[in-house]
Each structure stands twice: as C-alpha cells, then as structure tokens.
Amino acid sequence: WSPQELFDGHQAQISVACGGARDDLGSMELYAAAVHVAATAICSVAPAGAIYWESGELLVHPNDFRAAIGPMMAGQMPIASWIGFRPILGTAEDAETVGMITCGLRPFLGREIELAPAPTTLERARMCLGSVVQRLMDRRLLLHDGDMVEDVDMALKATVRLRDRWIRRDKAAFVLVTDNSVIDRATLRPDRSRAA
C-alpha cells in the first residue's frame with residue numbers, strides 16, 4: 001500500500017460528514033462512529049484506496065478502517081483511525097528528547113493533548129500517549145488543571161496543565177508534563193536542570 005501511488009492515481013473523492021456540532025464526548029463519539037461506519041460501507045462498493053480522516057490528519061487503509069468497527073461496536077473507540085499523533089523531536093543538554101501532540105482530539109475532549117518533551121524514544125512516547133487518549137475516551141474522562149494521568153502500564157505519569165495555547169499557538173491544549181520532562185511544570189518553559 002503506497003500513499004504516494006494513491007495520490008498519483010487519484011481521480012475522485014467522496015466526502016462523508018455528520019452535520020452539526022455537539023458539545024459532549026458521547027455525542028461526538030456517536031457522530032464519529034456514524035461517519036466511520038458510512039465511510040466503511042462506501043468503501044465496500046467504491047474502489048477506494050484510502051480513507052482520509054480530516055480532523056486527525058490521518059490517511060488510513062480501508063481494511064484497517066473496516067477492522068476497527070468490531071472493537072468500536074464493543075465500546076472501544078478506534079483512536080488509531082480518528083486521532084493523529086505527531087512527534088516533537090529535539091535535544092536538551094545533550095539528551096535526545098521526544099514530545100508528542102495529538103491531532104483530532106479537540107472535537108471529543110475540547111482540547112488537543114501536548115506531551116512535553118522528555119528523554120524517551122519516539123515509540124515509547126507514542127505508545128504512552130495513545131494509552132492515555134484511549135483511556136480518556138473509553139471512560140469519558142474530563143481533565144482539569146493539576147490532574148495526574150498515567151498510561152495503562154504506568155510508565156507515563158504526568159501532571160495536566162491547561163493552556164489556551166502552548167506548542168501550537170492556535171490550539172488549546174492539555175499539556176502533560178512528566179517528572180523527567182525538560183519543561184518546568186509550573187511555567188511550561190524549558191528547564192535545563194531537569195534535562196537528563
């Protein structure tokens with residue numbers, strides 16, 4: 001499966017949307033589920049090469065989208081199909097650091113999540129943040145400034161800071177700051193003394 005070949009041979013698209021906005025997580029999940037099911041049904045009769053989930057900025061193979069329907073009907077929201085994760089790579093005090101931001105979480109939780117950079121691997125940051133997002137959506141949890149969150153394996157424990165903007169200047173975010181983050185928990189500014 002080659003996204004580049006899809007773009008090169010792209011001839012038409014079908015847009016699927018659910019009109020109107022809702023302000024609670026349950027309604028937004030139902031809207032997204034309806035769009036998900038409709039898009040999957042269309043792919044079974046149209047020669048679709050991919051599904052683009054706009055809010056999450058994700059290009060998904062139709063088979064992967066179809067495979068997510070079973071777990072979705074069992075109550076587990078398919079974040080891999082709806083929520084995009086983008087890394088923030090950098091260095092601090094000679095340590096490689098990784099942060100992560102979500103794309104497409106705002107319609108569900110009202111804000112995106114931005115994981116403050118810390119010494120870790122890209123894979124570990126993605127896995128930990130994905131676990132936190134899955135738990136928030138599955139349990140319909142709301143975050144507040146000062147809350148503590150952790151992933152399923154408790155490998156990531158972070159303090160939640162609410163900001164109208166942080167990494168992305170145009171998006172409100174839940175900023176997650178871990179104990180080993182290179183960001184100061186109070187000011188959300190670089191803190192060289194915390195770099196590993």
Side-chain angles (χ1 to χ4, degrees), residues 1-22 24-88 98-115 120-143 149-156 171 174 176:
W1 188 64
S2 167
Q4 187 59 52
E5 287 179 17
L6 288 172
F7 285 117
D8 293 344
H10 180 252
Q11 296 178 357
Q13 67 186 33
I14 298 170
S15 294
V16 181
C18 203
R22 296 290 180 262
D24 65 284
L25 176 57
S27 295
M28 288 309 300
E29 286 179 341
L30 289 174
Y31 270 41
V35 170
H36 190 116
V37 170
T40 302
I42 290 169
C43 288
S44 68
V45 296
I51 294 173
Y52 180 67
W53 193 265
E54 186 176 7
S55 63
E57 302 173 11
L58 294 168
L59 192 67
V60 184
H61 191 283
N63 290 341
D64 294 338
F65 223 64
R66 186 178 300 109
I69 288 184
M72 182 176 61
M73 295 303 181
Q76 186 176 23
M77 296 300 105
I79 64 164
S81 297
W82 298 353
I83 311 298
F85 295 87
R86 304 289 180 267
I88 302 160
V98 177
M100 189 82 49
I101 61 174
T102 62
C103 298
L105 197 57
R106 188 189 55 76
F108 300 102
L109 299 180
R111 295 170 182 258
E112 297 293 342
I113 292 180
E114 298 179 350
L115 177 62
T120 189
T121 65
L122 185 61
E123 180 181 335
R124 189 72 189 141
R126 166 63 180 84
M127 191 169 53
C128 289
L129 187 55
S131 171
V132 167
V133 170
Q134 189 75 57
R135 289 177 68 197
L136 291 173
M137 290 185 65
D138 287 347
R139 297 179 184 178
R140 294 190 163 98
L141 298 176
L142 297 176
L143 294 176
V149 296
E150 55 193 22
D151 69 346
V152 172
D153 299 331
M154 291 187 272
L156 174 125
K171 289 185 172 40
F174 296 110
L176 305 185

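Because the structure is predicted, anything quoted here is derived from the model rather than measured.
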Using a 3.5 Å cut-off and no angle test, enumerate the donor-acceptor pairs between side-chain atoms of residues 101-108 and protein atoms at least two apart in sequence or in another chain.
| from | atom 1 | to | atom 2 | distance (Å) |
| --- | --- | --- | --- | --- |
| T102 | OG1 | E112 | OE1 | 2.6 |
| T102 | OG1 | I113 | N | 2.8 |
| T102 | OG1 | I113 | O | 3.4 |

Atom pairs and distances, side-chain donor-acceptor, residues 60-75, under 3.5 Å, sequence neighbours left out:
| from | atom 1 | to | atom 2 | distance (Å) |
| --- | --- | --- | --- | --- |
| H61 | ND1 | N63 | N | 3.0 |
| N63 | OD1 | R66 | NH1 | 2.7 |

Contact list for residues 25-37, test salt bridge (Lys or Arg N to Asp or Glu O under 4.0 Å), sequence neighbours left out: E29-R140
Gap separating the OG atom of S2 from the CG atom of D8, nearest 0.5 angstrom: 7.5 Å
Shortest non-hydrogen contact between A125 and M100, atoms and distance: CB-CE, 3.8 Å
L143 side, atom CG; L109 side, atom CG - distance, nearest 0.5 Å: 7.0 Å
Non-hydrogen atoms of I79 and G130 that approach each other most closely: CD1-O, 3.3 Å
CE-SG distance between M28 and C18, expressed to the nearest 0.5 angstrom: 8.5 Å
H10 (side chain) donor-acceptor with A12 (main chain) under 3.5 angstrom: yes
Between CD on residue E114 and CG on residue L129, distance to nearest 0.5 Å: 10.5 Å
Considering all heavy atoms, the nearest L58-A80 contact: CD1-O, 3.5 Å
Straight-line distance of M77 CE to I83 CD1, nearest 0.5 Å: 11.0 Å
Which residues share a side-chain contact (heavy atoms from CB on, under 4.5 Å) with A50, sequence neighbours left out: W1, L6, L59
Residues forming a side-chain hydrogen bond (donor to acceptor under 3.5 Å, both in side chains) with E5, sequence neighbours excluded: none
Residues in side-chain contact (heavy atoms from CB on, under 4.5 Å) contact with I14, at least two apart in sequence or another chain: V16, I42, A46
Where at least one partner belongs to residues 46-56, residue pairs that pass side-chain hydrogen bond (donor to acceptor under 3.5 Å, both in side chains), sequence neighbours excluded: W53-S55
side-chain hydrogen bond (donor to acceptor under 3.5 Å, both in side chains) contacts touching residues 121-137 (sequence neighbours left out): Q134-D138
F174 vs V149 side-chain heavy atoms within contact, under 4.5 Å: no
Beyond-backbone contact of L115 with V132, side-chain heavy atoms, under 4.5 angstrom: no
